Amino acid sequence: MPEKSMRHAINDALSEELARDDSAYLIGEDIGKAGGSFAVTRGLHDEFGGDRVIDTPISEAAIVGSSAGAGLTGSRPIAEIMYADFMGLAADQVMNQAGLFKYMFGGDVTVPLTIRTVNGGPGSNAAAQHSKSLHGLFMHMPGVRVVLANTAYDAKGLLKSAIRSDDPVVFFEHMELYNREGEVPEKSYTLPLGEAAVEREGADVTVVATQKMLHYALDVASSVADDISVEVINPRTLKPLDVETLVESAKKTGRVVVADESVIQNGPASYIARRIEEEAFYHLEAPVEVVGVDDTPIPFSPPLTEAVVPDASDIETAIRGMPRL
Amino acid sequence: MPEKSMRHAINDALSEELARDDSAYLIGEDIGKAGGSFAVTRGLHDEFGGDRVIDTPISEAAIVGSSAGAGLTGSRPIAEIMYADFMGLAADQVMNQAGLFKYMFGGDVTVPLTIRTVNGGPGSNAAAQHSKSLHGLFMHMPGVRVVLANTAYDAKGLLKSAIRSDDPVVFFEHMELYNREGEVPEKSYTLPLGEAAVEREGADVTVVATQKMLHYALDVASSVADDISVEVINPRTLKPLDVETLVESAKKTGRVVVADESVIQNGPASYIARRIEEEAFYHLEAPVEVVGVDDTPIPFSPPLTEAVVPDASDIETAIRGMPRL
Amino acid sequence: MPDEVAAHAEQLADQLQEMILIREFETRVSSLFEDNELPGFVHLCLGQEAVATGACWAIDDDDYITSTHRGHGHSIAKGLEPDRMMAELFGKETGYCGGKSGSMHIADVDQGMLGANGIVGAGPSLAAGAGLSIEQSDEDRVCLSFFGEGSMAEGVVHESMNLAGVQDLPVVFVCENNQYGEMTPAEDQHNVDGFEARGEVYDMPAETVDGMSVQDVYEATAEAVERARDGGGPSLLICETYRYHGHYEGDPTTYRTDEEVEQWRERDPIDTLEASLVEGGHIDEDEIEEMRAAARDRIDEAVQFARDSDYPDEEAAFEGVYTEEI
Amino acid sequence: MPDEVAAHAEQLADQLQEMILIREFETRVSSLFEDNELPGFVHLCLGQEAVATGACWAIDDDDYITSTHRGHGHSIAKGLEPDRMMAELFGKETGYCGGKSGSMHIADVDQGMLGANGIVGAGPSLAAGAGLSIEQSDEDRVCLSFFGEGSMAEGVVHESMNLAGVQDLPVVFVCENNQYGEMTPAEDQHNVDGFEARGEVYDMPAETVDGMSVQDVYEATAEAVERARDGGGPSLLICETYRYHGHYEGDPTTYRTDEEVEQWRERDPIDTLEASLVEGGHIDEDEIEEMRAAARDRIDEAVQFARDSDYPDEEAAFEGVYTEEI
Ligand SMILES: Cc1ncc(C[n+]2csc(CCOP(=O)(O)OP(=O)(O)O)c2C)c(N)n1
Ligand SMILES: Cc1ncc(C[n+]2csc(CCOP(=O)(O)OP(=O)(O)O)c2C)c(N)n1
Ligand SMILES: [Mg+2]
Ligand SMILES: [Mg+2]
């Protein structure tokens with residue numbers, strides 16, 4: 001299989017879906033002529049024209065709010081919010097508009113809206129307002145699906161499914177994974193929303209990891225393989241969450257680490273830990289260990305960033321800290 | 001001790017703090033001449049004048065954003081956001097502004113801002129956009145303290161502490177508790193942020209419960225007292241969360257139920273459950289049981305609301321479902 | 001003016017009939033609410049009927065509207081049936097939304113009614129989205145967006161009008177200036193004399209309209225709608241009107257004087273239209289009485305329908321959150 | 001014009017000196033960034049120096065400003081020291097924020113600088129808050145709020161100007177129209193001819209100002225500041241200017257032509273001011289060369305200071321989130 005960057009894989013997904021469905025369009029800031037702030041939509045404006053790849057004013061609420069309205073009226077909007085950090089400006093439009101219409105209006109309508117956004121790259125030292133991982137906020141909103149781009153392969157297959165989904169989906173890319181290459185089939189494909197992937201099988205410890213942490217986890221799993229057999233699971237979608245796959249693995253290994261770049265406090269890693277503890281309680285050797293950001297904004301200075309943001313060594317420490325290994 | 005409604009207790013706290021500190025002021029929609037949409041600020045405009053009890057346009061982002069700026073420049077703003085449901089419109093101002101300044105600016109500044117808002121009254125049948133409990137979202141934001149008004153006594157003592165805190169605090173009242181009376185000392189008092197209250201001692205099961213659920217839990221604890229000895233804990237503040245008190249109780253009883261009116265998915269009840277499972281793992285008879293709203297918007301029709309929103313019977317069922325009682 | 005009336009007498013009579021229906025609906029809701037027959041709370045548009053009727057008269061069945069928390073009039077004017085509306089207010093399964101929405105979120109997307117909305121200022125962004133959909137599919141539909149003057153302060157309303165302006169979207173923004181946002185006068189919330197200047201900000205024609213005159217609202221909207229269909233982009237209409245009841249049913253309205261209410265009532269959109277139709281000999285008192293009787297009957301039926309309908313099954317509470325089981 | 005220059009020659013020379021310092025700072029940051037000495041990314045205000053200097057010249061030490069992601073010029077104009085600014089850009093503990101903020105959030109609240117801000121449009125709401133603080137304590141301070149024309153589209157900017165308008169807050173809104181928001185021309189994002197009409201919307205005087213003339217910016221701001229101090233409420237200034245470099249360092253700027261840049265450079269705020277000061281005989285080439293040399297020295301020192309400073313200790317990463325341990 002050819003290797004592609006995640007950026008390229010996402011671009012392909014967008015291009016294929018725009019070609020496939022006339023009711024789909026892209027909307028966002030600088031996504032058109034400029035090709036996107038991170039070059040993810042490059043070429044699409046030329047290919048599909050300004051009517052289907054729409055540059056907007058700097059207006060996150062209107063981007064998402066208008067997309068909710070367009071979704072109600074027969075379109076399939078694909079909105080881009082440049083950084084997940086800016087989703088706060090469109091929180092109402094997700095939480096009280098797009099996410100609620102189907103239910104409030106009696107169940108018959110659909111809001112086939114996808115919001116693509118980017119979890120921060122704390123490693124790019126863009127500091128506290130451009131570095132957050134914020135999928136946790138949206139997992140708490142009924143009616144909204146939450147999907148992560150963790151590998152190039154996932155990104156393409158899941159984004160296509162997100163776009164085709166008749167529910168609003170917030171799709172989180174990751175700044176530091178755009179350049180990362182991975183195998184992506186030439187042929188068109190989709191991946192189901194709600195199925196986790198066992199990326200590596202193992203017997204001793206389960207590591208559930210997202211985005212950058214997934215790649216660290218895989219590295220660690222290889223490097224400790226002589227001592228410890230680590231199973232690595234990529235949850236892929238957080239809402240719906242494939243609890244079954246996670247629990248099955250937890251029951252097998254009895255030891256679980258969850259690694260996610262968000263804040264731990266009421267964050268996704270804590271929630272995943274909770275679901276595993278709930279369902280696999282009597283099979284666990286110890287409580288689930290969580291790796292994430294501990295109630296701290298992301299600082300600018302590289303040594304500070306490194307201190308705050310988890311990395312491979314934190315995952316390894318968590319694995320090695322598991323009892324009776 | 002005299003009994004007072006929570007509305008009255010909050011009004012007293014606001015009045016006392018405005019009198020005590022010239023740099024404090026109230027700001028919000030219809031809080032002044034009209035006395036607030038729920039009559040919580042009644043009389044304060046007359047007492048302190050329009051300069052200290054400021055009616056604004058319908059502009060949640062500017063209410064919170066301006067309060068963040070005022071907090072930086074020597075004021076102690078007390079903002080009201082009419083329903084927690086509307087906090088989405090001011091999410092950026094909490095998450096990226098007020099909550100981050102102290103840290104981003106190097107630690108020396110303070111943002112002594114309190115945002116009072118109201119968790120929904122699903123029981124008032126105001127439906128999906130006016131009924132949510134949303135403290136969970138703010139627990140995920142570093143730099144922000146999250147406090148709940150669970151009883152009239154708490155409301156007064158905690159609100160005064162929130163106002164005096166030099167950190168931004170989001171203070172969640174509850175629509176269906178405003179009329180509820182409770183004992184409130186005549187004398188001025190404050191309650192520390194970060195200390196839970198054991199509202200009732202018990203030996204068999206711990207119920208950690210917030211807001212309306214706390215009162216249900218106390219009722220249930222009384223009514224099952226012949227069979228089961230229930231300890232009821234009021235966490236009071238969610239950030240900081242008094243994990244110690246919760247864990248101590250969990251270790252004692254070995255059985256824990258957490259009841260909170262928010263959505264369960266990545267919500268506060270799940271997080272509290274997780275923290276208890278993490279710290280009291282080897283003392284628990286079973287995983288913590290969570291009572292809350294299961295991934296569903298709040299519907300309008302009374303029988304639907306009742307189906308979705310937890311009540312005393314759900315807490316009782318959870319208690320009785322605990323093993324080896 | 002008499003000429004105006006003569007020229008449009010037939011349409012005006014139909015508009016009168018509709019306004020009477022809206023008023024009857026609202027009046028009945030008021031007493032049902034007082035009698036504790038309705039859960040939740042309600043915001044009524046008594047006094048504002050001419051805006052809903054006049055504006056919606058200028059659009060077609062397959063056009064769209066977005067509405068507000070004060071949306072019953074808009075719904076009726078867009079062609080929604082009082083019986084299913086009333087059933088929704090009762091929380092019954094036969095309601096437009098199966099009892100899930102109540103007064104504040106009534107919607108019928110098939111009928112182009114994109115929802116009342118409990119979030120002040122939300123409608124205009126949805127309207128911009130409907131405008132984008134229309135452009136995408138190259139239709140010549142339009143979307144009317146109703147919103148109160150209070151919502152003019154919300155950021156998303158500004159963003160949406162700006163987006164509509166730069167994208168030339170087929171949206172008519174219909175601001176209902178009923179002089180208050182909740183209990184606070186409009187003057188305390190905005191420079192009310194600056195409402196029209198927003199037209200220049202967003203590069204769209206803006207006009208202040210007598211919101212107590214169904215004909216004036218109709219004409220201004222029709223012109224804006226025609227421009228929008230012709231690719232001329234959005235418009236802003238500021239309709240000066242008044243709500244006779246409080247912000248919500250039960251509001252003691254201490255923030256305004258009886259004289260003020262009386263002054264506005266003298267310009268009542270129904271009474272004045274009746275008077276000029278009668279004066280011009282286009283309609284007689286009996287016909288008006290028939291209209292009232294017809295409206296009463298229709299609302300009687302609606303109330304009966306609502307009372308007779310069942311509450312939804314409990315299971316429905318957990319359905320319709322997602323398209324597929326999740 | 002020569003008279004104007006003569007009347008203000010001394011002040012203009014000081015302003016020139018400051019603009020040269022800003023330019024030197026930005027030019028050096030550009031090359032440090034290219035040399036990979038700076039973490040993160042930076043947005044430079046080369047070309048816009050007259051707005052920062054002219055506006056801040058009109059306020060006092062104890063007045064406030066809010067700034068943007070393109071904030072180095074504002075900081076220097078507000079009196080922040082290049083050495084601690086540079087140290088912040090390097091992520092060093094001697095930086096204004098101990099290395100926690102970087103370019104996008106430099107602040108010195110004691111000095112009245114309420115922060116650069118990475119969220120487009122955030123500044124004006126903070127400025128309204130500073131205005132409220134000033135009113136609360138009955139001071140006669142003012143707050144200048146700098147923001148790019150792109151942020152005019154953000155809802156919170158609208159909300160904040162409206163709030164300032166109805167509350168008569170002592171805020172001067174200084175819009176820097178540098179013609180682009182990121183890579184998209186202002187014309188695609190707003191009706192640029194409608195910027196001034198916002199004054200009417202928010203009931204505040206609004207004026208378009210030549211942002212390449214430090215004197216024009218100074219005068220317009222001084223007038224607005226005086227009005228604000230006298231209780232006359234807020235004002236809006238739209239300063240027409242241009243950024244010579246890309247949106248961020250490294251931006252290939254394919255969205256504009258070299259001619260366009262050249263045309264603006266011909267109106268360079270530093271060159272034109274130098275020329276008229278020399279022409280009027282108020283300053284000679286040597287003095288200008290001295291100014292440049294002084295600026296170079298100051299920035300050399302700043303870079304040295306930054307390079308010599310230590311990175312913060314790791315523990316600092318977890319400090320300063322809350323006032324008390326939590
Ligand atoms: C975002 C938001 N803020 C506040 C409210 C509370 N609220 C409901 S109606 C209303 C007043 C709206 O005024 P206006 O837009 O003039 O409409 P009117 O009620 O006069 O029809 C307010 C503040 C709300 N529902 N949503
Ligand atoms: C809320 C938000 N949306 C988008 C961005 C990304 N962004 C950074 S600068 C910028 C352009 C701002 O344009 P303008 O206000 O004109 O300022 P300029 O860069 O021209 O000085 C954008 C869109 C952001 N930082 N914050
Ligand atoms: Mg109104
Ligand atoms: Mg710009």
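Any value given below was found using the heavy atoms of this structure, including those in side chains, with hydrogens, waters and symmetry copies removed. What you see is a predicted model, and the numbers here were worked out from it, not measured in a lab.
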Practice task
Using non-hydrogen atoms and a 4.5 Å limit, figure out which bit of Leu284(A) sits close to chain B: side chain, backbone, both or neither.
Solution key: both
Under a 4.5 Å heavy-atom cut-off, does chain A meet the side chain of [X], its backbone, both or neither?
{"X": "Val290(B)", "result": "both"}
{"X": "Met104(B)", "result": "side chain"}
{"X": "Tyr282(B)", "result": "side chain"}
{"X": "Ala127(B)", "result": "neither"}
{"X": "Ala286(B)", "result": "both"}

Min side-chain heavy-atom separation [X]-[Y] under 4.5 Å:
{"X": "Tyr271(A)", "Y": "Arg274(B)", "answer": "no"}
{"X": "Val146(B)", "Y": "Gln265(A)", "answer": "no"}
{"X": "His140(B)", "Y": "Pro268(A)", "answer": "yes"}

Exercise for the section: For residues Gly143(B) and Asp295(A), report the shortest heavy-atom separation together with the two atoms involved. Expected result: N-OD1, 4.3 Å
Problem - Heavy-atom pair of closest approach, residues Tyr103(B) and Ile298(A) - result: CE2-C, 4.4 Å
Practice task
Without swapping roles, check the side chain of Asn96(A) against the backbone of Asp85(B) for a donor-acceptor pair under 3.5 Å.
Solution key: yes
Handout entry: Asn266(A) side chain vs Gly136(B) backbone, donor-acceptor pair below 3.5 Å
Key = yes
In terms of heavy-atom pairs under 4.5 Å, which option from [options] contacts chain B the most?
{"options": "Ala91(A), Gly267(A), Ala273(A)", "value": "Gly267(A)"}
{"options": "Ile264(A), Val288(A), Val94(A), Ile272(A)", "value": "Val288(A)"}
{"options": "Met139(A), Glu277(A), Met95(A)", "value": "Glu277(A)"}

Exercise for the section: Mind ranking Met141(B), Glu289(B), Glu285(B), Met87(B) by heavy-atom pairs under 4.5 Å with chain A and telling me who comes out on top? Expected result: Glu285(B)
